[in-house]
Visitor: 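Can you read through this structure? Questions will come right after.
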Amino acid sequence: MRLVLLGPPGAGKGTQGQRLAERFDIPQISTGDTLRSHVQEGTMLGVKARAFMDRGEYVPDEVVVEMVMDRLQEDDAQKGFILDGFPRTARQALALEEALDHAGRPLDAVLKFTISDQMAVRRLLNRWTCPNCKRTFNAEFIPPVAQGICDTCGGQLERRADDDELTILRRLAVYRDQTEPLEAFYRERHLLLEIDAEAREELVGERTMSALAPVT
Ligand code: AMP
């Protein structure tokens, strides 16, 4: 199964991607997570990416495309993958299409998670993330059992640096401008499956599996 997850920040791509990765036993490849690891480790790529990420803007295409292409070569991605947060621009989408066509491994589906801007802001302002296992919690909707501690691995939950209100609004505007056009790109290719993601995690998970039924 080769999937792309589309949707604005806060739509639940990470959460649903984790569920799908477990369900199909394939890796979830999150460009945001990979970039944050680079930032934390202080690599050259991380230093370059950080200024863009802090402003809520996209990291240049050539940096992200190379990073994803390398990741897709790894052994665990040969049986399938879930791309979470990539592609985000027309250039990235074209680069991915070309690489997958060349390898004879086209996408099976593109899942678009839809939520209102209002709900996205509300979710992101309350989001807490586990830096170890990447699980996310929401202080309002899905709080951890013990405050500040990950239910899954016991890690210390953190707020993401770009989850402040101004940066969230910038990220939503950038999404609308640069990523929303990809919906038409994938609709034309008959790959787009739209999911109403303004519901609790389990229900969105059920909707996702129903939407995927024709391609599983
Ligand atoms: P995310 O964790 O998906 O919300 O991504 C966090 C940040 O990483 C974004 O706001 C961008 O700055 C950067 N980023 C993640 N994926 C991409 C991508 N495909 N293209 C460009 N920048 C990206």
Side-chain angles (χ1 to χ4, degrees), residues 3-18 20-21 27-41 43-72 81-100 107 110-113 115 117 119-138 157-183 185-186 197:
L3 299 174
V4 159
L5 308 186
L6 270 188
K13 300 185 297 295
T15 306
Q16 295 302 326
Q18 230 168 19
L20 290 165
Q28 173 184 18
I29 301 174
S30 158
T31 42
D33 281 347
T34 310
L35 288 167
R36 275 185 291 279
S37 300
H38 278 282
V39 169
Q40 205 159 17
E41 286 159 22
T43 66
M44 289 253 289
L45 197 159
V47 171
K48 195 168 172 183
R50 182 172 188 164
F52 296 96
M53 296 171 79
D54 282 349
R55 289 197 299 264
E57 290 168 13
Y58 288 167
V59 174
D61 285 331
E62 61 273 15
V63 175
V64 186
V65 167
E66 191 182 338
M67 197 176 84
V68 173
M69 294 308 147
D70 286 349
R71 180 66 185 86
L72 290 176
F81 51 78
I82 297 160
L83 285 171
D84 161 6
F86 181 94
R88 265 175 149 110
T89 65
R91 239 183 97 191
Q92 293 178 18
L94 287 167
L96 178 68
E97 185 173 62
E98 196 185 313
L100 294 181
L107 291 173
V110 174
L111 296 165
K112 158 77 203 299
F113 296 98
I115 55 160
D117 280 5
M119 178 57 87
V121 173
R122 200 163 149 198
R123 282 187 183 174
L124 296 174
L125 282 177
N126 286 294
R127 174 159 79 176
W128 289 83
T129 308
C130 176
N132 296 332
C133 72
K134 313 295 179 204
R135 185 165 167 196
T136 58
F137 295 85
N138 188 291
L157 300 179
E158 291 176 348
R159 294 264 305 133
R160 260 174 58 172
D162 56 354
D163 275 348
D164 67 283
E165 193 159 3
L166 266 185
T167 315
I168 291 170
L169 294 176
R170 178 83 192 117
R171 284 157 65 206
L172 287 169
V174 170
Y175 177 85
R176 211 170 301 123
D177 186 43
Q178 300 198 46
T179 309
E180 223 163 53
L182 298 189
E183 288 175 33
F185 176 91
Y186 286 122

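Atoms within a ligand are numbered from 1 in the order they appear, just like the ligands themselves.
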Visitor: Identify the two heavy atoms, one from L172 and one from P8, that lie closest to each other, and give their separation to 0.1 Å.
Guide: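 Smallest interatomic distance, heavy atoms only, reads CD2-CB, 3.9 Å.
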Visitor: Going through the distances and angles, do D163 and R171 end up as a salt bridge (Lys or Arg N to Asp or Glu O under 4.0 Å)?
Guide: CA-CA 9 Å; D163 275 348; R171 284 157 65 206; 2.9 Å; yes
Visitor: For ligand 1, list the protein residues that place a heavy atom within a distance below 4.0 Å of one of its atoms, sorted by chain and number.
Guide: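 Residues within 4.0 Å of ligand 1: T31, G32, L35, R36, M53, E57, Y58, V59, V64, G85, F86, R88, Q92, R160, D162, R171.
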Visitor: Assess R88 against F86: is NZ or CZ under 6.0 Å from the centre of the six-membered ring, and within 45 degrees of the ring's axis?
Guide: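 No, cation not above the ring by the 6.0 Å, 45° rule.
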Visitor: Around R50, counting heavy atoms of other residues, nucleotides and ligands shown, do more than 12 lie under 6.0 Å from its CZ?
Guide: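 Counting neighbours around CZ of R50, 12 or fewer heavy atoms of other residues, nucleotides or ligands fall under 6.0 Å, so no.
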Visitor: Do T89 and V64 touch side chain to side chain, with heavy atoms closer than 4.5 Å?
Guide: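 Result no, sub-4.5 Å side-chain heavy-atom pair not found.
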Visitor: For the residue pair L6 and P87, what are the closest heavy atoms and their distance?
Guide: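 Distance-wise, the nearest heavy atoms are CD2-O, 4.0 Å.
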